[in-house]
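What you are looking at is a predicted structure, and each value in this text was computed from that prediction instead of being measured. In what follows, every heavy atom counts, from backbone to side chain, and hydrogens, waters and symmetry copies are set aside.
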Amino acid sequence: MMTVDDVEQVDAVLCEDGRSVVFYAWTADPDACFVWSVSLPMPITEEAFLATEWRAIGWLHLKSFGDLSELSYDSIVRKVNCPPCPPMP
């Protein structure tokens, strides 16, 4: 069973449209990376994106998931009630 304790790093990336943030939760297993996104109420620029603060928000979201072994990408997106980020070109 995989839990939040198995995650070693959370990264936050601003999507190209500036209206979504994608989170990547990395584990020691290169095949186990959890990804989810949140929509923003208004676009922000890359210069205004505070990566450190968004990483902390990512950790808070992740801790709310609990047991990660039963989660799929779709269930994570539903849990935080946000649409997926648009595909990157």
Side-chain angles (χ1 to χ4, degrees):
M1 170 172 71
M2 189 165 291
T3 67
V4 173
D5 294 331
D6 296 311
V7 174
E8 297 180 343
Q9 177 178 331
V10 173
D11 292 323
V13 178
L14 180 65
C15 288
E16 254 181 46
D17 66 357
R19 295 193 68 116
S20 300
V21 177
V22 176
F23 296 95
Y24 298 90
W26 304 97
T27 68
D29 179 353
D31 293 328
C33 175
F34 299 92
V35 180
W36 71 99
S37 66
V38 295
S39 294
L40 304 175
M42 61 195 317
I44 62 171
T45 63
E46 188 71 38
E47 294 79 26
F49 182 71
L50 304 173
T52 302
E53 284 81 359
W54 279 103
R55 267 189 234 110
I57 291 168
W59 277 107
L60 291 174
H61 273 173
L62 186 66
K63 289 177 181 178
S64 73
F65 301 143
D67 178 8
L68 302 178
S69 63
E70 297 177 13
L71 294 177
S72 66
Y73 173 77
D74 290 335
S75 65
I76 290 174
V77 170
R78 282 193 300 275
K79 173 103 175 169
V80 295
N81 195 23
C82 6
C85 186
M88 297 297 278

Sorted by chain and residue number, the side-chain contact (heavy atoms from CB on, under 4.5 Å) partners of Thr52 (sequence neighbours excluded) come out as Arg55

Exercise for the section: Assess whether side-chain contact (heavy atoms from CB on, under 4.5 Å) is satisfied between Trp36 and Leu62, documenting all intermediate values. Expected result: CA-CA 9 Å; Trp36 71 99; Leu62 186 66; 4.0 Å; yes

His61 and Phe23 aromatic ring geometry - parallel, tilted or perpendicular at 30°/60° bounds: perpendicular

Check your understanding: Any side-chain heavy-atom pair from Tyr24 and Phe34 closer than 4.5 angstrom?
Key -> no

- Got Glu8 and Thr27 here, is their nearest side-chain heavy-atom distance under 4.5 Å? no

* Is the backbone of Ser39 close enough, under 3.5 Å, to the side chain of Arg19 for a donor and an acceptor to pair up by distance? -> no

Between Val21 and Ala12, the two heavy atoms sitting closest are CG1-CB, 4.1 Å

Here the pair of heavy atoms bringing Leu40 nearest to Gly18 is CD1-O, 3.6 Å

Contacts of Leu50 meeting side-chain contact (heavy atoms from CB on, under 4.5 Å) (sequence neighbours excluded), chain-then-number -> Glu53

For Trp59, the side chain to side chain donor-acceptor pair (under 3.5 Å) test, sequence neighbours excluded, returns none

Closest non-hydrogen contact found for Ile44 with Phe49 is CD1-CD1, 3.9 Å

Given side chains that start at C-beta, do those of Val22 and Cys15 come closer than 4.5 Å, heavy atoms only? yes

| Is any side-chain heavy atom of Trp54 less than 4.5 Å from a side-chain heavy atom of Val10? | no

>> Within the structure provided, determine whether Trp26 and Val7 are in side-chain contact (heavy-atom separation under 4.5 Å).
In response: no

